[in-house]
Amino acid sequence: MNKQEFISLMNEKLKLVRTEYRLTQDKMAAVMGMSKKTLVEIEKGRRSLGWSGAVVLASVFSDSTVLQDSLGGELSDMIAALAFDDVEVKYPKTMGGKVWWKNVEEKNGYRIQQNMVSRHYRLLDPENNRVIASFDFETVRAALSNFAL
């Protein structure tokens with residue numbers, strides 16, 4: 001998944017999330033920081049949330065069953081993978097991927113995991129600190145080769 005695919009998915013799920021939370025268009029627009037007119041146009045497919053709006057939707061409604069079922073649980077992790085694509089960053093410690101993750105490869109205590117829904121990858125060190133996250137497996141595999149010497 002890339003940023004544009006994420007934005008498209010958030011555009012598609014906006015009305016479902018609003019319905020899930022039983023919000024009127026007025027209230028949802030207020031929560032999202034946009035006008036009701038803009039919200040209606042997005043729901044009708046005439047406009048897009050854009051990157052910032054998609055991130056707001058996924059962040060504010062991170063407990064949404066609709067979004068979790070579409071993206072695989074840890075929405076903040078996926079947003080970070082998209083946002084930090086091609087940017088080096090120091091990630092906080094994870095819980096080790098007990099629910100939404102499967103181990104793909106392991107070397108010297110480092111593990112490449114793949115999210116079972118969104119399909120993005122991450123590399124964890126032996127203490128479950130995220131080293132890198134990306135939708136590109138070869139990028140994560142190269143990091144594994146560099147870290148797990």
Side-chain angles (χ1 to χ4, degrees), residues 1-23 27-34 38-39 42-45 47-149:
M1 179 176 289
N2 61 34
K3 283 183 181 179
Q4 191 53 52
E5 292 167 335
F6 175 74
I7 293 166
S8 294
L9 182 63
M10 293 297 100
N11 288 335
E12 292 170 19
K13 301 299 180 184
L14 177 63
K15 186 173 183 178
L16 290 172
V17 171
R18 180 175 64 77
T19 303
E20 177 185 21
Y21 279 77
R22 297 183 182 117
L23 295 172
K27 289 181 182 177
M28 184 66 157
V31 169
M32 295 289 298
M34 63 179 63
T38 300
L39 178 80
I42 295 167
E43 287 186 353
K44 289 185 176 184
R47 289 187 69 174
S48 174
L49 284 165
W51 171 247
S52 298
V55 170
V56 167
L57 179 64
S59 299
V60 171
F61 296 97
S62 62
D63 291 333
S64 163
T65 302
V66 169
L67 295 182
Q68 288 189 0
D69 289 349
S70 299
L71 297 169
E74 298 176 34
L75 301 182
S76 62
D77 188 60
M78 194 180 102
I79 292 167
L82 292 169
F84 294 126
D85 192 31
D86 296 328
V87 176
E88 193 172 314
V89 65
K90 174 79 171 134
Y91 290 103
K93 187 174 183 133
T94 72
M95 292 175 38
K98 299 187 185 334
V99 178
W100 296 100
W101 299 90
K102 69 176 180 177
N103 289 336
V104 176
E105 199 169 316
E106 188 170 345
K107 183 177 179 184
N108 296 334
Y110 285 80
R111 292 174 288 146
I112 295 177
Q113 295 183 324
Q114 184 177 32
N115 185 282
M116 295 169 55
V117 177
S118 70
R119 313 302 294 164
H120 76 282
Y121 300 92
R122 69 183 183 181
L123 175 62
L124 300 182
D125 70 12
E127 288 80 39
N128 292 325
N129 295 304
R130 187 180 318 118
V131 176
I132 186 173
S134 176
F135 280 90
D136 181 48
F137 177 70
E138 292 306 320
T139 299
V140 178
R141 183 180 247 178
L144 173 66
S145 296
N146 291 336
F147 282 96
L149 299 174

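Bear in mind that the values here come from a model prediction, so they are computed numbers and not experimental data. Start at 1 with the first residue, then count along the sequence.
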For I112, is there any backbone N or O sitting under 3.5 Å from a side-chain donor or acceptor partner on E106?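 A pair under 3.5 Å: no.
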Taking Q114 for its side chain and R119 for its backbone only, find out whether a donor-acceptor pair lies under 3.5 Å.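 The answer is yes, because a donor-acceptor pair under 3.5 Å joins these two groups.
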How close do [X] and [Y] get, heavy atom to heavy atom, and via which atoms?
X: K27; Y: L23; result: CB-CD2, 4.2 Å
X: V55; Y: F6; result: N-CE2, 4.2 Å
X: S64; Y: Y21; result: N-OH, 3.4 Å
X: L49; Y: A54; result: CB-N, 3.7 Å
X: M10; Y: A58; result: SD-CB, 4.0 Å

So if I apply the side chain to side chain contact (heavy atoms under 4.5 Å, CB included) rule between F147 and each of L123, N108, D125, which one comes out positive?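 By the side chain to side chain contact (heavy atoms under 4.5 Å, CB included) criterion, F147 pairs with just one of L123, N108, D125: L123.
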Presence of salt bridge, E105 and R111, under 4.0 angstrom: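 No, this pair does not count.
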Do the non-hydrogen side-chain atoms of [X] and [Y] ever get within less than 4.5 Å of each other?
X: N115; Y: Y121; result: no
X: L71; Y: L9; result: yes
X: L57; Y: M32; result: yes
X: L39; Y: E43; result: yes
X: S48; Y: I42; result: no

Can you say whether the rings of H120 and F135 are parallel (under 30°), tilted (30 to 60°) or perpendicular (over 60°)?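 The arrangement is tilted - the two ring planes meet at 30° to 60°.
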So, taking the atom named CZ in R141 and the one named NZ in K107, what distance separates them when rounded to the nearest 0.5 Å?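 One gets 10.0 Å once the value is rounded to the nearest 0.5 Å.
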CD1-NZ distance between I79 and K3, expressed to the nearest 0.5 angstrom: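 Between I79 CD1 and K3 NZ, I get 11.5 Å after rounding to 0.5 Å.
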Are L124 and Y110 close enough, and set up right, to give a side chain to side chain contact (heavy atoms under 4.5 Å, CB included), and what steps lead you there? CA-CA 6 Å; L124 300 182; Y110 285 80; over 6 Å; no
Might you work through the side chain to side chain contact (heavy atoms under 4.5 Å, CB included) test for R122 and W101, ending with a clear yes or no? CA-CA 9 Å; R122 69 183 183 181; W101 299 90; 3.4 Å; yes
Looking at K15, I want to see if its NZ is surrounded by more than 12 non-hydrogen atoms of other residues, nucleotides or ligands under 6.0 Å.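 Open.
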Let's go through F61 and V31 carefully: what are the C-alpha distance in whole Å and the side-chain angles of both, what is the deciding distance for side chain to side chain contact (heavy atoms under 4.5 Å, CB included) to 0.1 Å, and is it a yes or a no? CA-CA 10 Å; F61 296 97; V31 169; 3.7 Å; yes
Show your working on side chain to side chain contact (heavy atoms under 4.5 Å, CB included) between M28 and M34 and close with a plain yes or no. CA-CA 9 Å; M28 184 66 157; M34 63 179 63; over 6 Å; no
